[in-house]
Every structure is written in C-alpha cells, then in structure tokens.
Asks: 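This is the structure I have questions about; it appears just below.
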There are 2 protein chains.
Amino acid sequence: MGNTHLAESSSVQSVDRALSILEILAQRGESGVTEIAADLGVHKSTASRLMTALLNRGLVDQVSDRGRYRLGLGLVRLAGSVTSSLDAVSGSRAVTKALANEVGETVNIAVLDNNRVLYVDQVIGPSMVSMRSWLGQSVPTHCTATGKVLTAWLDKPERIAARPNSWKKLAPNSITSADALEKELDQVRDRGFAVANQEMESDFMAVAAPIRDEHGEVTAALVISGPASRIKAEDFEVLGQIVKQSASKLSGNPNFWRE
Amino acid sequence: MGNTHLAESSSVQSVDRALSILEILAQRGESGVTEIAADLGVHKSTASRLMTALLNRGLVDQVSDRGRYRLGLGLVRLAGSVTSSLDAVSGSRAVTKALANEVGETVNIAVLDNNRVLYVDQVIGPSMVSMRSWLGQSVPTHCTATGKVLTAWLDKPERIAARPNSWKKLAPNSITSADALEKELDQVRDRGFAVANQEMESDFMAVAAPIRDEHGEVTAALVISGPASRIKAEDFEVLGQIVKQSASKLSGNPNFWRE
DNA sequence: CATAATGTTGCGCCATGGGCAACACTCATT
DNA sequence: AATGAGTGTTGCCCATGGCGCAACATTATG
C-alpha cells in the first residue's frame, strides 16, 4: 500500500515493475516472491519471472537457493560506474585528499536527489574518526550543511520542492520550520558556505560549500564533518573559507566564482 | 556485436533489455538512444521507451534535456542498501577502523563476483595515501591478495570457474599460469592469508585474510594495501597474522577458526 | 506423516510492447 | 539563413510477449 500508481509518462510496465522490486528490496532488505507480488499487486508467477530477469543480470541474489531474495552485487558494480562518471567526482581526488589532510576530518561529496541529499564520494581524514561509510546514504535537506548548500541557490519553487517530508526534530539544533530554513538559506548565500551544528544528530558538526558547473549552477556539495569535540562553532568561519576554496577548485570553471 | 543472445532460462525480455542498457551505459559512460538500440538489436523507439522507464525510477539521468543518457543516482542509492545488508559489512566498522589505525594503511572488504573481485567497503588509513576509492570496482582474481583468499578454499570446479579470462602480465610479479596459481593457493591455505607483491600494478602491495560465515565458508576478504615504500615483503608474515586476527573477529562465528 | 506454506513452470488468452513512420529538435555545413 | 543529416520522442496498429490461472516441486511446521 502507499504505492505510487501514477502512470508516469509513457514507459514500459514490466520494466517499471522490475525496478519497483529493486526499491522494495532496498527497503525490506530481504523478501520472498509472494510478499513482493502482493506489494506490486500482481500474481506470484509474474513476480517470480521478473525476479529471474533481475537474477540473471546479478542485480539480485537469492540467499538460500530456493527461497528469499536480496539486492545483488551487480548494483554495486553499476554504482561504481555512476560515481566515476559524475562530473563532480571525476578528478576530484587530489583536491579532496588535500582537504582531508589539511583539516584532518572526513570529506564527502554529495548531490541533490529530489528532496534528499545523496553522498557519492568520500575520503576519510587522518584522524581516523570515523563515522560509517556514507556512500549511497541519503539524508534530509534541512538538517545538513550539504542540504543547505545544495538548495540555497535554487529558484523558489525548486527550493520548496526540495523541502523535507517532515520537520521532525532530529537533534538539539534541528531546523523545524520552513521560515527558519529560508532565513538560514539567506545566510548561506551571504557567506558562501553552510554549517550544521548538531542538527541531524548530536555531537555531529559539518561545514559545506558549493561545487558549481561551468554555468555557475550548483551541482554538488563538498563537506567536511566530524565530532563536536574536534570541530567547534568558533572554527566555522575559518573552515568555511577553506572548504569554499577547495570547492572552487572542483568547480567546472577554473575561475573562482564570486558570490 | 559480441552480445550474449543466449536466452538465459525463462526471464522477461523487456526487463532483460532494460538491464542490458544499464550495462551498456556502465561501459560507455554516456550514450545516445540510437547506438544503444543498435547494440540491443531493437528499434530506436523501443530503446527510447525502455530508457524512459529507467529514467522515471532515477536509474539513468539525461545529461542535457534532449540528448544523451548516463547512469543515474538511483543506482548509488540502491547500492547503498546492498552493502549495508551484506553480512560481512554490517557491524564491521569497529574492526576495520581499528585495523586501519593499527597498520596505518587502507582497509577494504571484498567479495567474489563470478570470476572477479568486487570491493564493497573501505576505510582509508591514517597515512592518507590514498589510492582512489575502490568501491564498486572489480579486479581479476589471480593477481590480487583478495582474489587468492576468496578462491583458495573453493572446490576445484569452482576455482576453475573463478579463473581470469586472460593471464596477461599486469605487473612485475603477476602470476601468468593456472599451475602457478594453484601452487600459490596451496600456500594461501597453508598460511591462512594471502599476499600480493606488485602483481596487479607495480608499487602496490596487499595482505588479505578470509572472513567466514557461520558454516566456515569464505564469504568475504579483509585486505590491507599500500605502496611498496611502506609495506615490505619481510612484513608479510606479521601483517598476515594481524589481518587474519581481524578477519576472525568479523567471521559469523565468534569463535576463531582453526586452519 | 499430514498440512500449509513457499517458489517455479506449462499453457492459453488478451493486453502490451514492438516496429513503422511522421514529428520536433539540434547541430554542421554551404 | 537555409538546408541537410543527425538526433530523440510519440501515435498507431498488429502480433508478440507477458500476465493470470492452475498444477507442480519443494521446504517448513504441526
């Protein structure tokens, strides 16, 4: 239930259902054909046949011969090709490594994915914190430095579309209203970088700056993050300038952008 | 050309074609509908419709409105769900971080994917080398420490199936024959860990040990790697024991496995 | 051992997805 | 500018391919 049964433009139904299966497996982690068929509103046999198609290509694995299914390694392989072709990531290693070395914290690159922030590349800093691998994880836009950077320069309607589904208070300093977020984004545009001071989870601090393409559009965000024990609020201004400078180097246009 | 047109068991053709598109895009990096249609041996319109199905789910992105396509962020999101559900990776962060800290080198977890080695999780060591992110990358089995670990304990037919497609000499010490590989694997089983001394690329050293499930089967490999300037051949024995011990902690059974 | 689950496979029928061709559009070339 | 060849997208109509049904094989559970 809760499925989006809107017939999105003109597409191929069986493919659409197969891709639905992937999303369902991503949510449940491991499922049988029957419950998936129920979710899709199709017969068991249909789900089974779609599943074998996915299985042949390695996008799903069957856990115990006859039995349940889970997402497969083929997806990891494909995802590797994605990030290597992302403009922001390609050729960014030298810069991100240098940044991680300079500030001694974890460095990530993130992009906007509808109204979520998706982490696509990561370098872990020398301090060896380190929080878990963020790759492929997505988080809301309103409580992260990356989210603010990625939305601040959007047009108003796009900004609204990028707002979170709920304004639940996730951490001590979470932003919990659209008005407060707009004010925050004003400040981000002013300063040219964004910060998050324990807004997604407590003890978690981050500073982010925009990566722009050759037209000046913000296409990705460069972010450093670490525990409150090492990143203090009074360091924000200094770190912001550092991150901003690194992000400029990654921008499509070699010239720095003035803001 | 060179397509595998074997009708793999009973699957759904349109889905199969759609997944073919993903693999084609992974190889070419960015393609138009026409050349993909030629590769699939179908009409442009068919390829276009399949593409929109993939587009609606975010598995591909169109680069410039009207125009070419590339793999999309949806794949990264899905791949994130894969690794987090992998037995070997879940709950491994504490161990891998400790290992990276102890040896000061990059730590990876890899699994066997047909006859290739696929890297699924990574922690970068404090020395900040660091080679590029290995995630989602796949390499042959015969010239890597991980490949040896992942194949050494397989049955003979499985070992043969896991052999590389070509025995091309990739680096100074590459193994270039099945016989030499079998002898090497004997040694791996003996020692309980594997090494690679500039076998894939020069200046690149690695030491790997097996991660086993509760039945004792090798399901993943834990590996440390770094440049020859820091990892010497005479360190192999010491590092091997360290990696072996960390890998034991990751194995499904809390008891250590005797070999 | 019986019962109730599961996932997989022939088999027809009808929907659906494929090919065709016309269209919209971008980019070179003259 | 105007032409041309290239692209990707969209109605249309027919038959192919995918769906539901039901029987089957297999495994869990009593």
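In what follows, every chain begins at residue 1, and chains take the letters A, B, ... in the order their sequences are listed.
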Asks: 5'-most contact on DNA chain C: A:Val15 or A:Ser31, nearest heavy atom basis?
Replies: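 Its nearest nucleotide lies further toward 5', so the answer is A:Ser31.
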
Asks: Return all side-chain donor-acceptor pairs below 3.5 angstrom for residues 15-22 of chain B, not counting sequence neighbours, or 'none' if the list is empty.
Replies:
from: B:Asp16; atom 1: OD1; to: A:Arg57; atom 2: NE; distance (Å): 3.2
from: B:Asp16; atom 1: OD2; to: A:Arg57; atom 2: NH2; distance (Å): 3.2
from: B:Ser20; atom 1: OG; to: A:Arg57; atom 2: NH1; distance (Å): 3.4
from: B:Ser20; atom 1: OG; to: A:Arg57; atom 2: NH2; distance (Å): 2.7
from: B:Ser20; atom 1: OG; to: B:Asp16; atom 2: O; distance (Å): 3.4

Asks: Given a 3.5 Å cut-off on both pairing distances, which stems involving DNA chain C, each at least three consecutive Watson-Crick or G-U pairs, are present, if any?
Replies: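 Ordered by first number, the stems with DNA chain C (at least 3 consecutive pairs each) read C:1-24 with D:7-30.
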
Asks: Knowing that exactly one of B:Asn165, B:Thr151, B:Thr141 qualifies, which makes a side-chain hydrogen bond (donor to acceptor under 3.5 Å, both in side chains) with B:Asn115?
Replies: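 Answer to the side-chain hydrogen bond (donor to acceptor under 3.5 Å, both in side chains) test with B:Asn115 among B:Asn165, B:Thr151, B:Thr141: B:Asn165.
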
Asks: Show the nearest heavy-atom pair for residues B:Val117 and B:Gly147, with the distance to one decimal.
Replies: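 Looks like CG2-CA, 3.5 Å.
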
Asks: Using atom NZ of B:Lys44 as one end and atom P of C:dA21 as the other, report the distance to the nearest whole Å.
Replies: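 Answer to the nearest Å: 12 Å.
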
Asks: Would you name the heavy atoms of B:Ile24 and B:Ile36 that are closest together and state the gap between them?
Replies: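 Distance-wise, the nearest heavy atoms are CG2-CG1, 4.2 Å.
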
Asks: Tell me, which pairs form a salt bridge (Lys or Arg N to Asp or Glu O under 4.0 Å) where one or both residues lie in residues 145-158 of chain A, sequence neighbours left out?
Replies: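 Salt bridge (Lys or Arg N to Asp or Glu O under 4.0 Å) check on residues 145-158 of chain A returns A:Lys148-A:Glu184, A:Lys148-A:Glu199.
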
Asks: Picking from C:dC20, C:dG18, D:dT9, which would you name as closest to the side chain of B:Ser45?
Replies: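 It is C:dC20.
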
Asks: What is the distance, rounded to the nearest whole Å, between atom CZ of B:Arg68 and atom C1' of D:dT9?
Replies: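 So the CZ-C1' distance, B:Arg68 to D:dT9, works out to 17 Å.
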
Asks: Looking only at the side chain of B:His43 (C-beta and beyond, no hydrogens), which of the listed nucleotides D:dT7, C:dG19, D:dT10 gets closest?
Replies: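 For the B:His43 side chain, the nearest candidate turns out to be C:dG19.
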
Asks: A:Thr46 has a side chain; which of D:dG20, C:dG19, C:dG7 sits nearest to it?
Replies: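 For A:Thr46, the side-chain atoms sit closest to D:dG20.
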
Asks: Just the rounded figure in Å: distance from P of D:dT9 to CG of B:Leu50.
Replies: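 Taking CG of B:Leu50 and P of D:dT9, I get 12 Å after rounding.
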
Asks: Out of C:dT8, C:dC20, D:dG8, which nucleotide sits closest to the side chain of B:Val33?
Replies: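 Nucleotide nearest to B:Val33's side chain: D:dG8.
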
Asks: Donor-acceptor pair under 3.5 Å: do we get one between A:Ser48's side chain and the base of C:dG7?
Replies: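 Checked by distance alone, the answer is no.
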
Asks: How many whole angstroms separate atom CG of B:Asp61 from atom C1' of D:dG8?
Replies: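 Atom-to-atom, B:Asp61 to D:dG8, this comes out as 17 Å.
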
Asks: Measure distances between side-chain N and O atoms of A:Arg49 and base N and O atoms of D:dG20, and say whether any donor-acceptor pair falls under 3.5 Å.
Replies: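 Such a pair is found, so the answer is yes.
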
Asks: Rounded to the nearest 0.5 Å, how far does OH of B:Tyr69 lie from CG of B:Leu59?
Replies: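 Interatomic distance, B:Leu59 CG to B:Tyr69 OH, rounded to 0.5 Å: 13.5 Å.
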
Asks: With sugar-phosphate meaning primed atoms plus P, OP1 and OP2, does A:Ser14 contact a base, only sugar-phosphate, or nothing at under 4.0 Å between heavy atoms?
Replies: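 It contacts sugar-phosphate atoms only.
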
Asks: CZ of A:Arg17 versus P of C:dA15: gap in Å, rounded?
Replies: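 Distance, rounded to whole Å: 14 Å.
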
Asks: Can you tell me the distance, in whole Å, between the CG atom of A:Asp16 and the P atom of C:dT16?
Replies: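 Computing the A:Asp16:CG to C:dT16:P distance gives 13 Å.
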
Asks: C:dG18 C1' sits how many Å from B:Met51 CE, rounded?
Replies: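 One finds 17 Å between C1' of C:dG18 and CE of B:Met51, rounded.
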
Asks: Regarding B:Glu23 and A:Arg77, does a basic nitrogen lie under 4.0 Å from an acidic carboxylate oxygen?
Replies: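 No.
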
Asks: When you measure from the side chain of A:Tyr69, which nucleotide among D:dT10, C:dG7, D:dG20 comes out closest?
Replies: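 Among the listed nucleotides, the one closest to the side chain of A:Tyr69 is C:dG7.
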
